[in-house]
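Below: one structure, written as structure tokens.
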Amino acid sequence: MPRYYRYLGELLDEGVERISSNELSLKMNVTASQIRQDLNNFGGFGQQGYGYNVQYLYEEIGRILGLEQQHNIIIIGVGNLGQALANYGSFEKMGFMITGLFDINPALDGHMVRGVPVRMLSELEEFAAGHKIDIAALTMPKHTADKLARRLVNLGIRAIWNFAHVDLELMDQDVVVENVHLSDSLMQLSYNMLRNGKKKERQEKGDTENR
Ligand code: ATP
């Protein structure tokens with residue numbers, strides 16, 4: 001769904017009003033039948049002979065993804081990664097607003113990132129009492145992540161976007177965690193590169209032997 005949302009947003013920016021499953025399939029590199037199946041699962045937005053109304057589909061998928069409401073995010077750990085997230089303006093376009101930044105390093109106290117001041121972690125409870133927090137992003141070292149996650153849950157925060165190098169598994173059924181491990185993704189890329197290289201080597205060897 002997020003991928004459909006992203007592509008449909010691009011189509012809207014390009015002024016495209018409607019699109020067939022075939023056209024969308026070429027653009028997204030997914031089969032047209034897969035597209036029809038995916039979108040039918042979410043309420044059959046298409047019309048025979050017309051295709052999909054891009055605006056309508058974009059809004060419906062946005063609604064399914066919960067994007068019609070604003071989400072307030074706090075970031076804990078304002079190092080390089082935390083600052084990069086805080087500086088990334090595109091999240092706001094989807095309604096994800098960075099409203100609080102927290103760290104334990106006193107040198108960062110009061111430092112502003114895109115208009116948001118860094119607060120000390122000791123101020124978290126006070127901040128939470130006066131501000132609605134929907135999501136906490138963890139971009140601090142892994143050794144404190146578990147304990148901090150528990151503290152966040154106790155404050156009523158129900159969604160954790162975890163970049164710390166640990167798989168957080170909270171037992172609370174009403175808390176959702178999205179573990180994002182950028183280095184896992186990079187290692188996967190490295191593995192795929194290696195595999196591609198080997199495939200190419202085998203092909204070249206086969207070509208030479210066939211000559
Ligand atoms: P990055 O990994 O983002 O490049 P870094 O290398 O400067 O940052 P890290 O050790 O990964 O440093 O820590 C990231 C940030 O998290 C730092 O600003 C650090 O002060 C902060 N930090 C460390 N421990 C905690 C904690 N328990 N709670 C909140 N912030 C923390």
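We count ligands from 1, going down the list as the structure has it; atoms in each ligand are counted the same way.
- Under a 3.5 Å cut-off, the side chain of Gln34 and the backbone N or O of Thr31 do not form any donor-acceptor pair.
- A salt bridge does not link Glu201 with Lys198: every distance from a Lys NZ or Arg NE/NH1/NH2 to an Asp or Glu carboxylate oxygen is 4.0 Å or more.
- Of all atoms in ligand 1, listed by their number and element, those nearer than 4.0 Å to a heavy atom of Leu108 are 18 (O).
- The nearest heavy-atom contact from the protein to atom 14 (C) of ligand 1 is Thr139 O, 3.7 Å.
- At under 3.5 Å, not a single nitrogen or oxygen of Asn105, backbone or side chain, sits near a nitrogen or oxygen of ligand 1.
- Open room surrounds CD on Glu17; 12 or fewer heavy atoms of other groups in view lie less than 6.0 Å from it.
- Residues His111 and Gln83 come closest through the heavy atom pair NE2-OE1, 4.0 Å.
- What sits closest to atom 24 (N) of ligand 1 on the protein, heavy atoms only, is Ile104 CD1, 3.4 Å.
- The nearest protein heavy atom to atom 1 (P) of ligand 1 is closer than 4.0 Å.
- In this structure, Ile135 is a member of the same hydrophobic cluster as Leu65, with clusters built from ILVMFWY side-chain heavy atoms closer than 4.5 Å.
- The nearest protein atom to atom 19 (C) of ligand 1, hydrogens excluded, is given as Asp103 OD1, 3.4 Å; this is a heavy-atom distance.
- Closer than 4.0 Å to atom 4 (O) of ligand 1 lies at least one heavy atom of the protein.
- Under the 3.5 Å distance criterion, the side-chain polar atoms of Glu92 are left unmatched by any main-chain donor or acceptor of Met97.
- Residue, atom and distance of the protein heavy atom nearest to atom 6 (O) of ligand 1 are Asn80 ND2, 4.6 Å.
- Heavy atoms of Leu148 stay at 4.0 angstrom or farther from ligand 1.
- Closest to atom 28 (N) of ligand 1, if we only count protein heavy atoms, is Leu121 CD2, 3.5 Å.
- For atom 29 (C) of ligand 1, the nearest protein heavy atom (residue, atom name, distance) is Ile76 CG2, 3.7 Å.
- Surrounding CD of Glu126 are at most 12 heavy atoms belonging to other residues, nucleotides or ligands under 6.0 Å away.
- The neighbour count for Met193 CE, taken as heavy atoms of other residues, nucleotides or ligands under 6.0 Å away, does not exceed 12.
- Under the 3.5 Å distance criterion, the side-chain polar atoms of Thr139 are matched with a main-chain donor or acceptor of Gly77.
- Of the listed options Lys147, Met140, His165, Met140 places a heavy atom closest to atom 31 (C) of ligand 1.
- Less than 4.0 angstrom separates some heavy atom of Leu81 from each of these atoms of ligand 1: 3 (O).
- Under the 4.0 angstrom criterion, atom 16 (O) of ligand 1 counts as having a protein heavy-atom contact.
- A donor-acceptor pair under 3.5 Å is formed between the side chain of Asp134 and the backbone N or O of Asn72.
- From the protein, the heavy atom lying nearest to atom 27 (N) of ligand 1 is Thr144 OG1, 3.3 Å.
- With Gly79, Pro141, Gly77, Ala145 as candidates, the residue nearest to atom 13 (O) of ligand 1 on a non-hydrogen basis is Pro141.
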